[in-house]
Amino acid sequence: QVQLVESGGGLVQAGGSLRLSCAATGRPFSQYSMGWFRQGPGKEREFVAAISWSGSTTYYADSVKGRFTISRDNAKNTVYLQMNSLKPADTAVYYCAQGNYALASMSELEYTYWGQGTQVTVSS
């Protein structure tokens, strides 16, 4: 059974940084892409970042490009999301997800397994 457990969320002031982690168990971690999505108050869930199985390919939403960095450590079965220059608009529940394939994808349809989410709140 696949389990994804996020951590690292919290309250931060605008301009600050947070690093989210997502530990995965249940499938050979290094064989699958990973992604981060978020859902803000009253909004639909949206794509944030994705990384291929090897880490060689990454994708970002335009709204976070240049501020967020996705990375993975296959030896630790963990994917990270480093978030810098945070804005109040980044306030959301952040979810990690494990892809169905090795290649990275920006589509929710390509992800079967999801974590429970971690709250990120950015104050102005």
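- Under the rule for a ring pair (Phe, Tyr, Trp, His ring centres under 6.0 Å), the partners of F47 that lie at least two apart in sequence or sit in another chain are F37.
- The minimum heavy-atom distance linking N74 with N77 is given by the pair O-OD1, 3.1 Å.
- Under the salt bridge (charged side-chain N to carboxylate O under 4.0 Å, His left out) criterion, K43 pairs with no residue, sequence neighbours left out.
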Determine whether V12 and T121 satisfy the following criterion, side chain to side chain contact (heavy atoms under 4.5 Å, CB included), listing intermediate values before the conclusion. CA-CA 6 Å; V12 64; T121 302; over 6 Å; no

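- Between S71 and Q82, every side-chain heavy-atom pair lies at or beyond the 4.5 Å cut-off.
- At a threshold of 4.0 Å, the pair K87-D90 does not count as salt-bridged, since none of the basic side-chain nitrogens sits closer than that to a carboxylate oxygen.
- A donor atom on one side chain and an acceptor atom on the other are found under 3.5 Å apart for R38 and Y94.
- A cation-pi arrangement, defined by a distance under 6.0 Å to the six-membered ring centre and an angle within 45 degrees of its axis, is absent between R72 and W53.
- In this structure, the side chain of N100 engages the main chain of E110 through a donor-acceptor pair within 3.5 Å.
- Put simply, the side chain of T25 does not reach to within 4.5 Å of the side chain of V2, judged on heavy atoms.
- Two residues are said to be in side-chain contact when any heavy atoms from C-beta on lie closer than 4.5 Å; Y60 and I70 meet this criterion.
- To the nearest 0.5 Å, atom CD of residue Q116 and atom CD of residue Q3 are 9.5 Å apart.
- For the atom pair W36 CH2 and T118 OG1, the distance stands at 7.5 Å (nearest 0.5 Å).
- At least one side-chain heavy atom of Q119 sits under 4.5 Å from a side-chain heavy atom of T91.
- Between P88 and S124 the shortest heavy-atom distance is CG-CB, 3.9 Å.
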Mind running side chain to side chain contact (heavy atoms under 4.5 Å, CB included) on L86 and L18 for me, showing each step along the way? CA-CA 8 Å; L86 282 161; L18 283 175; 4.2 Å; yes

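- At a threshold of 4.5 Å between side-chain heavy atoms, the hydrophobic network of Ile, Leu, Val, Met, Phe, Trp and Tyr places Y111 and F29 in two separate groups.
- Atom-to-atom distance recorded for C22:SG and E6:CD is 5.0 Å, nearest 0.5 angstrom.
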Show, in sequence, the C-alpha distance, side-chain angles and deciding distance for C96 and W114, and conclude whether the side chain to side chain contact (heavy atoms under 4.5 Å, CB included) test is met. CA-CA 6 Å; C96 77; W114 295 78; over 6 Å; no

Audit row: L81, F68, side chain to side chain contact (heavy atoms under 4.5 Å, CB included) steps and yes/no: CA-CA 7 Å; L81 185 68; F68 290 11; 4.2 Å; yes

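- The side-chain heavy atoms of R27 and Y113, taken from C-beta on, include a pair separated by under 4.5 Å.
- Using modelled atom types, one finds no donor on one side chain facing an acceptor on the other under 3.5 Å when comparing S105 with S107.
- E108 is listed as a side-chain neighbour of R45, based on a closest heavy-atom distance under 4.5 Å.
- Minimum heavy-atom separation, S52 to A104: N-CB, 3.6 Å.
- A 4.5 Å side-chain heavy-atom check between Y95 and V48 finds every atom pair outside the cut-off.
- Counting only N and O atoms by type, the side chains of T78 and D73 include no donor and acceptor under 3.5 Å apart.
- Side chains of L4 and Q98 form a contact here, defined as non-hydrogen atoms less than 4.5 Å apart.
- Looking at T58, its side chain never comes within 3.5 Å of a backbone N or O of I51 through a donor-acceptor pair.
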